[in-house]
Amino acid sequence: MPILNNDFLALTLANQDSIAPFRFSFPSGDGFVEDTGVLRLEPKQPSVISLVLSVGVHGNETGPIELVNQLVTGILEGKVSLNIRLLVLIGNPVAANLAKRFCDVNLNRLFRGAWQEYDGFEAKRAQRLEQAVCDFYSLTENKTDQIKLHYDLHTAIRGSVHEKFVVYPYVENAIYNKEQLAFLAASGIDAVLLSHQPTTTFSYYSYVVHNAHAFTVELGKVNPFGENDLSRFADFEASLTLLLGKGVLAQSSVSSLHVFRVLDSLVKDDDSYELSIASDVKNFTQFEADYRMARSDKSDYYIKQTGDAIVFPNTNLPVGQRAGLMVRPIALEDLQLN
Ligand SMILES: O=C(O)CCC(=O)N[C@@H](CCC(=O)O)C(=O)O
Ligand SMILES: [Zn+2]
């Protein structure tokens, strides 16, 4: 059975809870719909590259969902000849249908087994997505020389001084991959945040459990379905097309990247927690030393050094969750690359 109109997104949204697995062929390989929002495409020629593209882990972040769906349609219609292994995941179809970030719990806080502490749709979905990634990386003959990649594509709630940026998962030895950074630079990414601690995000899961090159990729600002200007993703789309079609990681000088290290996670520690910034303040806005960025009945957070900036500020979440990241610019030359 083929995918109707080669539209994996439509199939997923029409079957948000479950779908019976099926297999089909397309011009350059074989496809497997393994579950709702879980599509594995295997090229005819064996490849050492196994790429996971996840989108819609937050249901209202529709731009990357539309971008990846368009790429998948191109492959299924034979416009792009697939040369690498590909797993496409539409993370939270139920929330996507509701145009919501999530239903019960933020899915992108439930990986690395954190789903075990929760109930509801997102908890089951995190477990299912982990399983899909695990199966995908193990279902290949090229286990020893396999190159595992995972780009988890998002859009941000606010505008950003650096419109497109990635979160580089916490790397214990602080040695960062130059080829991946050069790929991201070639893909139109402006900035890189170096995480300061392990998390329960999807990208950190793939990095720490599967040793994949994995990143949370922020491609702009949230928009409803049908209101995304996909031309804003042109550089990223071109890089993905080259990777999918030729197995080549586009490369540009890493010198164009603005690099930030994460200093602190701001955690909402009480219902009284508030941030001292207006709703239109952009990600990466810098502040003066000693400015009180956050306050609650339990704590205060003051800017440590002039130039420190805030990313992902958000207090519309439960107590105990991340309300923002404080980041500090660092020189690219200070990074250890391999
Ligand atoms: O704009 C926002 O506040 C959130 C955008 C978003 O969903 N970001 C990810 C980042 C994940 C990471 O830190 O790797 C998230 O908050 O889950
Ligand atoms: Zn997101």
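Keep in mind it's a predicted model, so treat the numbers as computed, not measured. In each ligand, atom 1 is the first atom listed, and ligand 1 is the first ligand listed. Numbers here are sequence positions counted from 1.
- A donor-acceptor pair under 3.5 Å is absent between the side-chain atoms of Ser299 and the main chain of Ser296, judged by distance alone.
- Counting protein heavy atoms only, atom 1 (O) of ligand 1 is closest to Ile157 N, 2.8 Å.
- When atom types are taken as modelled, the side chain of Gln251 and the backbone of Glu179 share a donor-acceptor pair closer than 3.5 angstrom.
- Counting heavy atoms closer than 4.0 Å to ligand 1, residue Thr216 contributes side-chain atoms (C-beta onward) but none from N, CA, C or O.
- Evaluation of the salt bridge (Lys or Arg N to Asp or Glu O under 4.0 Å) test over residues 230-244, restricted to residues two or more places apart or in two chains, returns Glu163-Arg232.
- Under the 6.0 Å distance and 45° angle rule, Arg112 does not count as a cation-pi partner of Tyr205.
- Residue His58 approaches ligand 1 through these ligand atoms, each under 4.0 Å from one of its heavy atoms: 7 (O), 15 (C), 17 (O).
- Per-residue contacts place His154 under 4.0 angstrom from the following atoms of ligand 1 (heavy atoms of the residue considered): 7 (O).
- Ranking protein heavy atoms by distance to atom 11 (C) of ligand 1, first place goes to Asn108 ND2, 3.5 Å.
- At a heavy-atom cutoff of 4.0 Å, ligand 1 is contacted by the side chain of Arg101 but not by its backbone.
- For atom 9 (C) of ligand 1, the nearest non-hydrogen atom from the set Glu218, Arg158, Lys221, Glu61 belongs to Glu218.
- Taking atom 16 (O) of ligand 1 as the reference point, the nearest protein heavy-atom neighbour is Arg109 NH2, 2.8 Å.
- Side chains of Thr12 and Thr36: a donor-acceptor N/O pair is absent below 3.5 angstrom, by distance only.
- Any N or O atom pair closer than 3.5 Å counts here, and Asn106 shares no such pair with ligand 1.
- Scanning for side-chain contact (heavy atoms from CB on, under 4.5 Å) contacts around Asp280 gives Ala278, with sequence neighbours left out.
- Annotation: cation-pi geometry not satisfied between Arg40 and Phe136 (NZ/CZ under 6.0 angstrom from ring centroid, within 45° of ring axis).
- Around the Zn ion (ligand 2), the protein contributes the following N, O or S atoms under 2.8 Å, ordered by chain and number: His58 ND1, Glu61 OE1, Glu61 OE2, His154 ND1.
- The protein atom (non-hydrogen) at minimum distance from atom 2 (C) of ligand 1 is Phe312 CD2, 3.3 Å.
- In this structure, Lys268 forms no cation-pi arrangement with Tyr273, as its terminal cationic atom is not both closer than 6.0 Å to the ring centre and no more than 45° off the ring axis.
- Counting heavy atoms from C-beta outward, Gln321 and Arg109 have side chains that approach closer than 4.5 Å.
- Phe102 pairs by the ring pair (Phe, Tyr, Trp, His ring centres under 6.0 Å) definition with nothing, not counting sequence neighbours.
- Here the shortest heavy-atom pairing between Arg125 and Ile90 reads NH2-O, 2.9 Å.
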